[in-house]
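Here's the structure, in structure tokens; my notes come after.
So that the names make sense, note that chain A is the first sequence line, chain B the second, and so on, each numbered from 1. If you're wondering where the values come from, they're calculated on a predicted model, not measured in any experiment.
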Amino acid sequence: MNTTAAQSSPTGEAGPLSTARTGDIHLWTRTLIPTTREAPADATTPSHVYLVRAGFIRQLAAGVYDYLPLAWRSLRKIQEIVRQEHERIGAMEMLFPAMEPVSLLKQTGRDKAYGDDLFTLQDRHGRDIALAPTHEEPIVEMMKGAITSYKQLPLSLYQIQTKFRDEPRPRSGLLRCREFIMKDAYSFHLNQQGEGGLDVAYDHFYDAYTRIFTRCGLTFTAVEAESGPIGGSASHEFMVHAESGEDKVLVCPASGYAANVEKAEIGERAWSFDGEAAQELKKHHTPNMPGIEGVAQHLGTNAAGMLKTIVFERVLSDPSKTKYVLAVVRGDHDVNEGKVRDAVGSGVKLADEAQAKADGLAIGYVSPSAFAKLTGATIVVDPDAAQGGTAWATGADEMDHHVTGWHWGRDLGYEVERLKVADIRNAEAGDPSPRAVGSTLQVQRGIEVGHIFKLGTKYSDAMEFKVLAEDQKPRAVTMGCYGIGVSRTMAACVEMSHDENGIVWPAAVAPYHVEIILMKAEDEKQKKIASELAQKLAERGADVLIDDRNERPGPKFKDADLIGIPVRLTLGDKALDAGGVEFKLRKDTGKGEVVAFDSVIDRCISALETA
RNA sequence: CAGGGUGUAGCUCAGCUUGGUAGAGCACCUGCUUUGGGAGCAGGAUGUCGCAGGUUCGAAUCCUGUCACCCUGACCA
């Protein structure tokens, strides 16, 4: 067999206009596929276990992985799909540096926004350099110098590149890395609405993302999301359904509404401060009880019987004038900072603990009663906490003490009139749907593989990126940005598609389409047939891996299942005597079937096309 | 960052309590046999016991420090 590892144009010299693609043919013994029988001790997630065991990746440091030949082939296929779909919506590919001056990030304040997540270093002159976590600043910097007129808009640019984020806790193999491959795109517009506007481009990217993840064989949902440190208005996350996913998505089966847990709205809930006090207010000594569950138990109730008061402060231009915002939720609920922000109509952050204590707030033991003693403060109450008929357990506004029998009307008095009631907590399974009366939200776990944002002029304002509009006046450029975690997408494919024997690759992202197993690697006849089959498959565009190792059948079949190539052809005496080869799809269980030589190529191709 | 855990051969791990100078299985190399779902026999090679100090006649083992990695949470395009 003369098959070489480096297969290119089989028909002749490749000229400058010839980039004809035909399939690759690689020999197992001439590439590197270090499969292992046992999983590394520290791998717990399926994609991590199988990508390591199947010889796709190896870990170099926490959240830093080598991509071995198989992984790189899959990644390139994902990248190719990404390129084709970006090409389709008219986005142009380019490449930015991986490093950028920290001073650039200071212009938008994102050096602080990213904080310790930013990898930084100093060059020989002592200049601070960051390894880019994303590229809004460099692209705006470049565009500022490159375009000056509205006539050059709209424009969409993208790149596929390694990104760096010093995650506090990398985990789950490729799902959460400190160095990872990302596709990031940026669009530029004169306006948000109308022809050539951001809204149009956003929809195009939304559609492109839908096609990309569909082509990758993923089951996913596009959910409404918070924009996080990237900023901006509208935002959607593309979430692959997977148990190992870190993100929680709330969905309403009746309306199709789907949103990230940080963003999900909750439907109407009944609330009222009316109702008589049923119990006496009683103080309890509760020292050294970390966790609301412990306190609740001590007080003879549960977390749902308690009120939790979180102290925020408004983000003001004059930081010396602290204005507190008390957010009250039921003890078993979590306050959602974004919803608090929306409810009070200004930016908020958790109050500085030392300052709050100096102002008389017993952090950790605050009750809604504290509101009566504060001047200029705001209080927002979640509907589930705004129940006047309940005798609540809550803090005693005194260190190491709680109270039971607390009552809104009796214990906050006339202040009840000044209470604001709003949805300020994270949604949970079973909450009423915001879009369909009578329906409840359900929780799904997901892996975020894509995220798109309408940035508006956040970055162009900060960096003074303007173009001249038709009215001859300078106008800040409206932007969108669009990211796909390429390496994470590969891992998501494995999370979605595997069985107890290994990976089951969707054909579009499989490192090879067909694996040919030689039962007797030394047998000249088998080698010749394998070579001929591979050649024909390659001419039809299929990538072929030939397992030519001089191994016994057992390990070869086990490895074939492990690395998960969609189509398997086995060349052995059994099938050869019957006048063909054994054909089996990875996703099918049981034995394969013998298919005659003259029809097996068509069979392979059609199986791949319908996969 | 808080809490928990682990570092011994390429991989998975035992040995540590009670100190005496390094082990198993798999993988690897050689030979023979074997060849349709992780073969058998025989022989062989493989270690700075994470690192640095300390105690001791003697440390993988005890003590101190330190580094790395994993898990839960916090955090997070």
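- Within the 4.0 angstrom heavy-atom criterion, only backbone atoms of the sugar-phosphate kind lie near S172(A); the bases stay farther away.
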Restricting both atoms to N or O, compile the protein contacts to nucleotides 39-43 of chain B shorter than 3.5 Å, with distance only.
residue : atom : partner : partner atom : Å
rA39(B) : N9   : R552(A) : NE           : 3.4

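- Residue-level contact check: E237(A) touches neither bases nor backbone, having no heavy atom under 4.0 Å from any strand.
- Residue-to-nucleotide proximity on RNA chain B shows that, of M519(A) and Y65(A), the 5′-proximal contact is made by M519(A).
- At a cut-off of 3.5 Å, with distance as the only test, a side-chain donor of N336(A) or N426(A) sits close to an acceptor on the other residue.
- With both ends at atom P, the span from rG44(B) to rA24(B) equals 13 Å, rounded to whole Å.
- Candidate nucleotides rC75(B), rG37(B), rA27(B) were compared by shortest atom distance to the side chain of R171(A), and rC75(B) ranks first.
- F238(A) places a side-chain heavy atom less than 4.5 Å from the side chain of T210(A).
- Residue R549(A) is classed as having no contact, given no heavy-atom separation below 4.0 Å to the nucleic acid.
- No contact: E246(A) has no heavy atom under 4.0 Å from any strand.
- For the C1' atoms, the distance from rU56(B) to rU21(B) is 14 Å, rounded to whole Å.
- Using C1' as the reference atom, rG7(B) and rU66(B) are 14 Å apart when rounded to the nearest Å.
- Contact annotation for K163(A): base contact, defined as any heavy-atom pair under 4.0 Å involving a base atom.
- The separation between K556(A) atom NZ and rU34(B) atom C1' is 15 Å, rounded to whole Å.
- Rounded to whole Å, the P atom of rC71(B) lies 29 Å from the corresponding atom of rC28(B).
- With sequence neighbours excluded, the residues that form a side-chain hydrogen bond (donor to acceptor under 3.5 Å, both in side chains) with D166(A) are R178(A).
- Rounding to whole angstrom units, CG of residue L562(A) and C1' of rC26(B) are separated by 15 Å.
- With sequence neighbours excluded, no residue satisfies ring-ring contact (aromatic ring centres under 6.0 Å, His included) with F180(A).
- Residue-level contact check: A575(A) touches the bases, meaning some heavy atom is under 4.0 Å from a base atom.
- A salt bridge links R330(A) with D332(A): the closest approach of a Lys/Arg side-chain nitrogen to an acidic carboxylate oxygen falls below 4.0 angstrom.
- Separating the C1' atom of rA22(B) from that of rA45(B) is a span of 16 Å, rounded to the nearest Å.
- Checked against rA74(B), rU35(B), rG38(B), the side chain of P168(A) finds its nearest nucleotide in rA74(B).
- The closest side-chain heavy-atom distance from M490(A) to L174(A) is below 4.5 Å.
- Under the Watson-Crick and G-U wobble criteria, each requiring two contacts below 3.5 Å, nucleotide rU30(B) is paired to rA42(B).
- Rounded to whole Å, the separation between the P atoms of rA59(B) and rU12(B) comes to 29 Å.
- Ion pairing of E246(A) with R445(A) is absent here, as no side-chain N (NZ or NE/NH1/NH2) approaches a carboxylate O to less than 4.0 Å.
- In this structure V600(A) satisfies the side chain to side chain contact (heavy atoms under 4.5 Å, CB included) test together with L533(A), L569(A), V581(A), F583(A), V595(A), C604(A), sequence neighbours excluded.
- Residues satisfying the side-chain hydrogen bond (donor to acceptor under 3.5 Å, both in side chains) criterion with S187(A), sequence neighbours excluded, are H189(A), Y482(A).
- Across all strands shown, rA68(B) forms a Watson-Crick or G-U wobble pair, both distances under 3.5 Å, with rU6(B).
- Counting only heavy atoms from C-beta on, E551(A) has its side chain closest to rC28(B) among rC26(B), rC71(B), rC28(B).
- Taking atom CZ of residue R53(A) and atom P of nucleotide rC26(B), one finds them 16 Å apart after rounding to whole Å.
- Here the C1' atom of nucleotide rG37(B) and the CG atom of D547(A) are 13 Å apart, to the nearest Å.
- Using a 30° and 60° split on the angle between ring planes, F465(A) and F188(A) fall in the perpendicular class, above 60°.
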List, one per line, each side-chain donor-acceptor pair under 3.5 Å for residues 554-564 of chain A, sequence neighbours excluded.
residue : atom : partner : partner atom : Å
K556(A) : NZ   : L518(A) : O            : 2.6
K556(A) : NZ   : D547(A) : O            : 3.2
K556(A) : NZ   : R549(A) : O            : 2.6
D559(A) : OD1  : T35(A)  : OG1          : 3.1
D559(A) : OD2  : T35(A)  : OG1          : 3.2
D559(A) : OD2  : R549(A) : NH1          : 3.0
D559(A) : OD2  : R549(A) : NH2          : 3.0

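- Rounded to whole Å, the distance from CZ on R37(A) to C1' on rC13(B) is 15 Å.
- R603(A) is linked by a side-chain hydrogen bond (donor to acceptor under 3.5 Å, both in side chains) to E593(A), counting only residues two or more places apart in sequence or in another chain.
- In this structure, CG of N550(A) is placed 15 Å from C1' of rU30(B), rounded to the nearest angstrom.
- Searching all strands for a Watson-Crick or G-U wobble partner of rG73(B) with both distances below 3.5 Å returns rC1(B).
- Comparing the same atom, C1', in rC11(B) and in rU30(B) gives a spacing of 23 Å after rounding to whole Å.
- Comparing K558(A) and P133(A) by the nucleotide of RNA chain B whose heavy atom lies nearest to each, the residue mapping closer to the 5' end is K558(A).
- Rounded to the nearest Å, the gap between the P atom of rG10(B) and that of rG47(B) is 8 Å.
- With sequence neighbours excluded, the residues that form a ring-ring contact (aromatic ring centres under 6.0 Å, His included) with Y202(A) are H236(A).
- Under the Watson-Crick or G-U wobble criterion, with both distances below 3.5 Å, rA24(B) is paired with rU12(B).
- Rounded to an integer number of Å, the gap from E167(A) CD to rG73(B) P is 15 Å.
- D184(A) comes within 4.0 angstrom of no nucleic acid atom, judged by non-hydrogen atoms across all strands.
- Considering only residues two or more places apart in sequence or on other chains, F312(A) meets the ring-ring contact (aromatic ring centres under 6.0 Å, His included) condition with none of them.
- The stretch residues 483-490 of chain A touches RNA chain B through G483(A), each having a heavy atom within less than 4.0 Å of the strand.
- The interatomic distance linking L60(A) (CG) with rC70(B) (P) rounds to 12 Å, in whole Å.
- Remark: S244(A) pairs with E495(A) by the side-chain hydrogen bond (donor to acceptor under 3.5 Å, both in side chains) rule, at least two apart or across chains.
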Atom pairs, protein N/O to nucleotides 2-12 of chain B N/O, distance under 3.5 Å:
residue : atom : partner : partner atom : Å
rU12(B) : OP1  : A41(A)  : N            : 2.9
rU12(B) : O4'  : E38(A)  : OE1          : 3.4
rU12(B) : O2'  : E38(A)  : OE2          : 3.3

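- Residue K591(A) places its side chain closer to rG37(B) than to any other of rA74(B), rG37(B), rG38(B).
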